[in-house]
Every structure is written in C-alpha cells, then in structure tokens.
There are 2 protein chains.
Amino acid sequence: MEVKSTQARRSAGRNGQRHVVDADLIAVVIAVTDGEPRVLTIGEAQALPSGPFELGHRSLQSGLRAWVERQTGHPLGYIEQLYTFADRDRTADERVQISISYLGLAREEQSDRSAHGWRSWYDYFPWEDHRAGVPAILPDTVVPGLLAWAEEAEDPNIRRDRGLRVEFAFGLDDRGWNEELALQRYELLYEAALVAEATRSWDKGNPLSIAGRSMIADHRRILATGIARLRTKIKYRPVVFELMPPAFTLLQLQRTVEALAGRLVHKQNFRRLIEQQDLVEETGETVSETRGPPAKRFRFRQTVQAERTVAGTKLPLSRA
Amino acid sequence: MEVKSTQARRSAGRNGQRHVVDADLIAVVIAVTDGEPRVLTIGEAQALPSGPFELGHRSLQSGLRAWVERQTGHPLGYIEQLYTFADRDRTADERVQISISYLGLAREEQSDRSAHGWRSWYDYFPWEDHRAGVPAILPDTVVPGLLAWAEEAEDPNIRRDRGLRVEFAFGLDDRGWNEELALQRYELLYEAALVAEATRSWDKGNPLSIAGRSMIADHRRILATGIARLRTKIKYRPVVFELMPPAFTLLQLQRTVEALAGRLVHKQNFRRLIEQQDLVEETGETVSETRGPPAKRFRFRQTVQAERTVAGTKLPLSRA
DNA sequence: CTTCATTATGCTCGTATTGAGTATAATAGA
DNA sequence: TCTATTATACTCAATACGAGCATAATGAAG
C-alpha cells in the first residue's frame, strides 16, 4: 500500500502544479412571517444570496455571514452547513467550482416584508404546502406528469423503479405524505424534466416553469435541501425558536411549525408536546389579538443546552 | 440592495484576481470485523485517507472513491458527505485549504484484517466503548480532568456552563449516557486540552495522548464526526446492512450494531424491532457456529427503497 | 454420556408515548 | 345578545418500548 502522510502530500502539492478551485458560499436564509415560510432571494427572486469565499474571511461561517449581511443588510442568527458540491464550470477553462451551502434562520423584520426579496418558499414548491389540504397542482399536474414519465421508460425494471420512487416520495402508498421528502420530490421532478431547470427553457425567459417558480443554476435544489433539512430538524432540535420573536403565544408557535412542515398539527397534542419538553416558560403576560380567551405569552427557556431533545432512541438498549 | 446575479459575479471573478483555494477530500471509512468497529487509516495509523480533488474527477464522490481505492486497494460501498471546513494554511502563503470529508461504509475483507491500517475506532476514543460497562478511563481520567477544567475558570458563568456541558455530554445528569454525543465529547476534551492535538505535544513524538490515540491535524475530530453521524443514522436508516456480509444471523447483526453504538442492546427486543420493520428475510439456511441451537440466516431485503424507515414523527400531525 | 453454559426464540406485562377526540370557558365581532 | 373562535383541561384507545420469564437446542467440559 502506497502511503504518503497528509503532511508530505500537501507540501508536494503546494509546490507542484496543484489544481486549484473556486469556492463559493451559498445561503438558504429562512424566516417565517404572516404564517408563511420565506426565503431570502436576490436578483429577480431567482437566486440565493451567494458570493466567493475570500481570503479576508476567518472561516466559512463568517464569510457567509459577511456576504449575506452585505448583500441584504440582514443579520443571521442560527447557521448550519447544508452540503458541498462541485461543478465543472461549463463555460470556462476547465476550472472547478466548489459551492458550500448553508442554512440560516432569521427573525424577519417587519420593515422589509416583501420588498427585500423575501419570497414564500411555496412559490418555488407549490406542491409542498398541504396546510389547506392536498394542493391542486399535485393531482392535476405533478403526479400525472411523473407517472407518465415512469411509464415512458422502456426497460420494465426502470419503469417499476420509477413508479415505486414516485409513490414513495409523494405518499401514494400506504405510508402517506411525508413532508421531509421535499428534496427527493424535487429530484424526481428534475429527473422527469418537469421543472424548468432541467429543460434549459428557463434562459429563454420563462421564469415560471411547469411546476413552480424556478431559480438559476441549482439554487432551487439547494433550497429544497434546506427545506428538507429544516423540516427534519424541527422534530428533534428546538430550532423553531430561532424564527420566533422573544415572546409568543403557543398558537403563533404552532403556526410557525405548520408553515415549515407544510401540514397542520393537532393543537392539543402540540401543546402537550411543547410543555412536556420544558422548552418554554410563561412570561406572565396575556394577549388577546384574536377572538377567544386571552392567550398566555411564552418565551424560550434558555437552559444552556439548546442541545436538549437530542433524545433519539430507536435502539432497544439494555442496562446490563 | 446591491445585487449581481451569480452568473455575472462568476464571470467577473474568473477574469479578475479570484481567490483560489486548495480542495482536499478526506474519508472516514468504516467496517466492522470481529465485533470491532474499524476505521481505515494510513501512515502510522495517525491519518485518514485523503487527497486533493483533481480535475480528472467527475464529481466529489468519484474523486473520493478514486483516492481511497488507489491508496488502500479497497472499494467503497455507501458514501455520504460529512462536513466541509476551511483552514488557512499555517505554513504557507496565506493559501486557504478546504477539506471536504466523507463517511464511507465497507465490508472489510478477511484478508486485510489488521495489516492494512484498519484500526478499532476505540483506539482513538477509548471512552466511547460502553459494551463491557463504563470504561475505566472515564472515572479515572477523563471526567476528573474535565471537571477540573470546568472548575479552573474564573468567571462563575463559564464555570457553570462548562460544568453543565460536561454533565450533559458524559451523561452525568439524569439523562444518562448518550452514544450519539461522540463529537461533543471530543470537542470538550479538545477545549480542555486533554487530547494531544490540543496541546501541541504530539509532534514531539508522543502518539499516545492523555486520552486515546491521536491523529494528525484535525483528523480525529473528523473521525468523531463520522462516528456520531453513523451512531445517529443507524437508528433511522438501514445503513448497518452496508457493513454486513450477504447473509448473516440476527446475533451477528446485533453485534455489529452494538459495536457501532458502543452499547449492548436487549436481544429479544432487538429481534422484534428488526422483524417488525420487515428489513430482512430468511435465506432458509441455518448455521451453528457457536453453542446453542442453530441460528437462521437472513439477508437484507432489497426492497428498492433503502429509503425506508424514513419515518420520523415527533410532530402531532392531524388528518384534517 | 452427563452436565452445563450458551444461544435461539416465543411470550407476557407494565409503562410511556401518540393519535384523536370531547368538554368547558373566555372572548371579540356581528 | 348571540356566535364563531380560541385557550385549555381531560379522556381514551392504540401502540411502542423496556424488561424480563420460559423453553428448547446445542457444543464444550468433565
């Protein structure tokens, strides 16, 4: 086995003609206002904030924060890395582009509501919003299109495989709709060429694709990655609070979760869940902004461990 | 709001003096043999396989596969991305090094048992193996060292914060040991300078640090990331099977899971869990390699969706 | 050839968690 | 004053989960 230590190899590489790459940072910045999950966009709402990773940046995260704040004037709260991918630059001298994507959560200010490129993420993924029932686009367009794509394969194995993947991702089987599969669903639509990005028609000036508003390059895929990650994460880490104002009612919290999940939750059980997890405490105030009795206001309990709820069982452990 | 489209920006950057970076791929390759979880290492078992991302590589994944197979002669099965981080190169001309790490699962061959750099990951993290009870190093060395570190802080807030973090990560509180927190534990030890990497003593020729065998640069941290990820993942995705031979007994499967989790599981309940999930099917054969009655052999049911078990509830959804 | 430790496997049982719904009271708007 | 709407407390059944008992089959030890 031929082995060079990393140290040795790095030195060699540095002096030789080392292949260098460009590094970009891309941000999926999410906020929730008026019961809508919104993503921060630039340009004609067709791109995510992004920029090159520069020497001045102390770290990837700080580089990202700098870029987002410069481009949008918006500070970022919680940040987590999403995914890194590489693309040979199609147009240029065989240079490789590496993109490192991040998910950021922000408390959107009232002031910059729709003005500054905050768009509901359901503009891009209309089939993902099941709060008012199954969206019409699913039975009308998306599912028939996908099933047709599955059928058009010549190889029966591929047909079967495609069919099963569609059924699973879109909940056509017994398991039902699973909101966490947002990325798989987008990827199926891409494979089936039902989204504009996959058809090269978008640069002909049609920003509204067959299914949902599109974005440049692979930005919509990155957004889908962020949505899926967030939908998964709210279930085992108290990240929702990064999106909430300092004080809130349980119904507001519920509406935020519902906006993210794209589904309605059972109110009584939601409250039971929140309270038994000991994540919030009453502020003492009550508000009555709507009908019904006044609601108590709560705040997030800053109990050092935002680590909490890292439960995760599913292995039948034994004590011995 | 100043906005340039990504397209425009990229062109500008390419012609101008664009800051370029070096990109490395680093692999955490895991296999389980003889009931031990093993990681593929190179050099003096102090480094993970790694290499530069090159132009010839079609994608990051294929680049990684190429490197690992060339360095070790070992094919990779399952692969998933772990994390990307950047370090200014300490020694050189302000160049930035980007490292993209991957987790890979392999079925280790019998032939290259210990010879080819397969090391038990508990060599590096002896405090993580709780299969034979709490390892002595925890009460003897690790915990006292960490508590002392917590106490030595002058600011009482920092003292309290450190204390709580140690209690949480090492299960000193009521929640008990949580095997998924492997990374947090390593990071605490690093912060407390209880691992060699943090003390700069390792390059003085001492490969055995205060707590566990060390590695160059941040490789041990990357390994901890991989371990934590795998320990989390086995609970909701059937990735264990990537580590198993084509046919196996339920006890072998259990031993593999236990090796990864570093904990023993309840045998009867483990079988119930596996069977109700419908992940395996009998091959029809039985074997009696040990005492006791012959055990049935099983194989993984290749039911298209290795996607399965993407359950994940924890939100009280409602039907309406 | 017995004995015994070890393993496979089936079954029970109490408790916690989860999904779903009923019930009651408080309030704003019509 | 009515009524739709909301907050909040409870109940109830269905599972899921942790823990353990029981039985049978086998290899190793004597």
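Note on naming: letters A, B, ... go to the chains in the order of the sequence lines (proteins, then strands), and numbering restarts at 1 for each one.
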**Study point:** Partner set under side-chain hydrogen bond (donor to acceptor under 3.5 Å, both in side chains) for Gln81(A), not counting sequence neighbours
**Key:**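 Once residues adjacent in sequence are excluded, the partners of Gln81(A) under the side-chain hydrogen bond (donor to acceptor under 3.5 Å, both in side chains) criterion are Tyr102(A).
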Review point. Partners of Glu281(B) by side-chain hydrogen bond (donor to acceptor under 3.5 Å, both in side chains), sequence neighbours excluded?
Key: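 Scan of Glu281(B) (side-chain hydrogen bond (donor to acceptor under 3.5 Å, both in side chains), adjacent residues dropped) gives Arg299(B).
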Which whole-number value in Å describes the distance from [X] [atom1] to [N] [atom2]?
X         : N       : atom1 : atom2 : result
Leu251(B) : dT26(D) : CG    : C1'   : 14 Å
His266(A) : dT11(D) : NE2   : P     : 15 Å
Phe270(A) : dC10(D) : CZ    : P     : 20 Å
Gln252(B) : dT6(C)  : CD    : P     : 19 Å
Gln276(B) : dT15(D) : CD    : C1'   : 10 Å
Leu264(A) : dG19(C) : CG    : P     : 15 Å
Gln254(B) : dA8(C)  : CD    : C1'   : 11 Å
Ile274(A) : dT17(C) : CD1   : C1'   : 15 Å

**Study point:** Letter per nucleotide, 5' to 3', of nucleotides 25-30 of chain C [B base touched, S only sugar-phosphate touched, - untouched; heavy atoms, 4.0 Å]
**Key:** -BBB--
Any N/O pairs under 3.5 Å between the protein and nucleotides 10-15 of chain C? List them or say none.
unit_1  : atom_1 : unit_2    : atom_2 : d
dG10(C) : O6     : Gln268(B) : NE2    : 3.4

Tell me which donor-acceptor pairs under 3.5 Å the side chains of residues 284-293 of chain B have, and how far apart each pair is, sequence neighbours excluded?
unit_1    : atom_1 : unit_2    : atom_2 : d
Glu285(B) : OE1    : Thr283(B) : OG1    : 2.9
Glu289(B) : OE1    : Gln252(B) : NE2    : 3.3

**Study point:** side chain to side chain contact (heavy atoms under 4.5 Å, CB included), paired with Ile30(B), selected from Val239(B), Val39(B), Leu40(B)
**Key:** Val39(B)
Practice item. Could you list the residues that satisfy ring pair (Phe, Tyr, Trp, His ring centres under 6.0 Å) with Phe241(B), not counting sequence neighbours? Key: Phe248(B), Phe300(B)
Review point. Between Lys267(B) and dA8(C), does any side-chain N or O lie under 4.0 Å from OP1 or OP2?
Key: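 Lys267(B) to dA8(C) OP1/OP2: side-chain N or O found under 4.0 Å.
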Check your understanding: When all nucleic acid strands are considered with a 4.0 Å heavy-atom cut-off, which category describes Leu250(B): base, sugar-phosphate, or nothing?
Key -> nothing
Which residues pass the salt bridge (charged side-chain N to carboxylate O under 4.0 Å, His left out) test with [X], not counting sequence neighbours?
X         : result
Glu167(B) : none
Glu282(A) : Lys296(A)
Glu258(A) : Arg255(A)

Exercise for review: Apply salt bridge (charged side-chain N to carboxylate O under 4.0 Å, His left out) to the pair Arg231(A) and Glu128(A), showing each step before the final yes or no.
Suggested key: CA-CA 11 Å; Arg231(A) 284 182 169 179; Glu128(A) 293 289 342; 2.8 Å; yes
